[in-house]
Amino acid sequence: MRETFTRCLQEEARRNPNLVLITGDLGFGVLFPYMKEFPDRFINAGISEQAMMSMAAGMALEGKTVVVYSIGNFPTLRCLEQIRNCCAYHEANVKIVCVGAGFVYGTLGMTHHATEDMSALRLLPGVTVYAPADRVETEAVMARFLTEPGVAYLRIGRGGEPVLREPTDVAGYKTGKAVPFADGTEAYILTAGGILASAVGARRLLAERGHSVGVVSFPTVKPIDEALIRELCARVPVIFTLEEHTIVGGFGGAVCETVCGFPENRARVVRLGMNDMYSSIVGSQAYLEAYYGLDDAGVADRVQAVLEGRA
Amino acid sequence: MNDEKSRQLAYRVRRHALDMTNRGGTSHIGAIFSMADIVAVLYADVMHYDPKNPKLPGRDRLVLSKGHAGAGIYAVLAESGFFPVSELETHCQNGSRLSGHVSHKGVPGVEVSTGSLGQGMPMAMGMAMAGKMNGQPHTVFCIIGDGECDEGAVWESALIANQFKLDNFVVTVDFNKIQSITTVEDTIKLEPLDQKWASFGWRAIRVDGHDHAALHRAYAEALAARGQGQPIVVIADTVKGKGVSFMENDVLWHYRTARGEEYDAAVKELEAQKP
């Protein structure tokens, strides 16, 4: 995803002479091709996320499209009030990129686990939140992320994620649209971000166990695809949300807030993710996903338990 | 230097601010009075702007980072022709766009909204950075408070502005020596403040923030330093509550609103100083 991000960024920088990239002293290697091609439109603000985010807003108010790059919780929680006051309230063209969604930096410890960022960003009025699942979805949302006015947040993994989508799945992608992966008759698993892979794996396991479960990816978390959620709620009795993130106020929270507004709804929503907790143990992304029941088998077991009336 | 115009403007800023805070029942009069001469000099003689075209591309920008002194900015903008002076009467009234902490929404001449300290300065720095990138000749001015210098983002910005040689960026510290609960000295010491900024690579100019001739000289020096690759800070030694004897150097007037006899006495004192 990182490489796709850099490539799309360079393509847009060729089109838009006002595009500027600011990094908080991270992205060594990843940003190098951009730095080389656009040295005059690259700023390393050092390790100073608060000043960096306000500065980005100031530059945007002067006509720049400012892409701010960092990892983990640094471009989000560390400078949340700057995003609120300086960027969002001023409707500034600031595009915030977080590399390292969820447990991408699992071994680095709790400070580097990005598990509350979607909740934090989506609560700010005027901020669009993107969480693409793979490089195909990343490419699709990049075009919207960099060109639509206002503040936007892009949450991506590191690289090496499985490619699950075909370019035709996301052709002409529009902000706010969910992208179905496969249909099912008993339930749907809705996902945001790279964790789509676990939903796809769980779907296969569940099929082997005799259950038909659909999967839908939400490359845009805010604004959320309300129409599709409504349609799914009418189709199946239970909707699962899956995120490598806290279940409080994030993607699952967004789905719940949406569903509770449907007067006709009878579907249950079950949120899968981090249960309002930090991880004090470390490990690879795959290890921590399995540990917290967010891998193929863990998701399949929990979905099966619900479908069979055991949870 | 003929400072008649700026002294007249400073008087009117103080007079309006007294009425605005009285009417709105709001605080921060001390912090407005301490910077009144600074904004008056900037708008009377230093900054280039067109009140009929507030977004003039070549205008000088001013960001009030100590947003709690917003009434002072609204007053100086109204007096400079950006919007009718009569609108000042709506300050902090129900439904008004003139909030206690300065807001840019629908208010001609206000560049950005502030109120959370340590955010206006880096925004202004971003504006200066963009100005440099665009090769534009204008200057970005920013006024910060002394208490605001407790904020880490002020010093992050000081480092960054030096790194990028933002000599189109002129920050003024309204050094009135009193913050929210007590003095700066008894809260978080700042002295030697000019040396601190100088050690961050800034050209530091220290000046009496109520001496108009001295302020004029300081800003002339700041503008003349363009091209030397250094951001400029004007450390303005000021008196909190300057202009009304019983408000001066008293922490009470960070929060207090002049009402009744106090209001009448303040009006009388200000009018006695009318240039």
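Protein chains get the first letters and strands the later ones, always in sequence-line order, with residue 1 at the start of each.
A 4.5 Å side-chain heavy-atom check between A:Glu49 and B:Glu156 finds every atom pair outside the cut-off. B:Ser113 is not listed as a side-chain neighbour of A:Asn85, based on a closest heavy-atom distance of 4.5 Å or more. In this structure, the side chains of A:Met52 and B:Ile160 stay at 4.5 Å or more apart for every pair of heavy atoms.
Residues of residues 21-41 of chain A placed with any heavy atom under 4.5 Å of a heavy atom in chain B are listed by number as A:Asp40, A:Arg41.
Closest approach of B:Phe164 to A:Asn44, counting heavy atoms only: CZ-O, 3.7 Å.
A donor-acceptor pair under 3.5 Å is absent between the side-chain atoms of A:His90 and the main chain of B:Val112, judged by distance alone.
In summary, A:Glu91 and B:Lys105 engage in a salt bridge, as defined by a charged side-chain N under 4.0 Å from a carboxylate O.
For a residue to count as touching a neighbouring chain, one of its non-hydrogen atoms must lie under 4.5 Å from one of that chain's; by this rule A:Val20 touches chain B with the side chain only.
Remark: of the listed residues A:Met53, A:Arg84, A:Gln82, A:Gln82 is the sole one forming a side-chain contact (heavy atoms from CB on, under 4.5 Å) with B:Gln119.
Atom CE of A:Met55 is separated from atom OG of B:Ser157 by 8.5 Å, given to the nearest 0.5 angstrom.
Side chain to side chain, A:Glu62 and B:Gln136 fail the donor-acceptor criterion of an N or O pair below 3.5 Å.
Below 30°, between 30° and 60°, or above 60°: for B:His104 and A:Tyr89 the angle between ring planes is above 60°, a perpendicular geometry.
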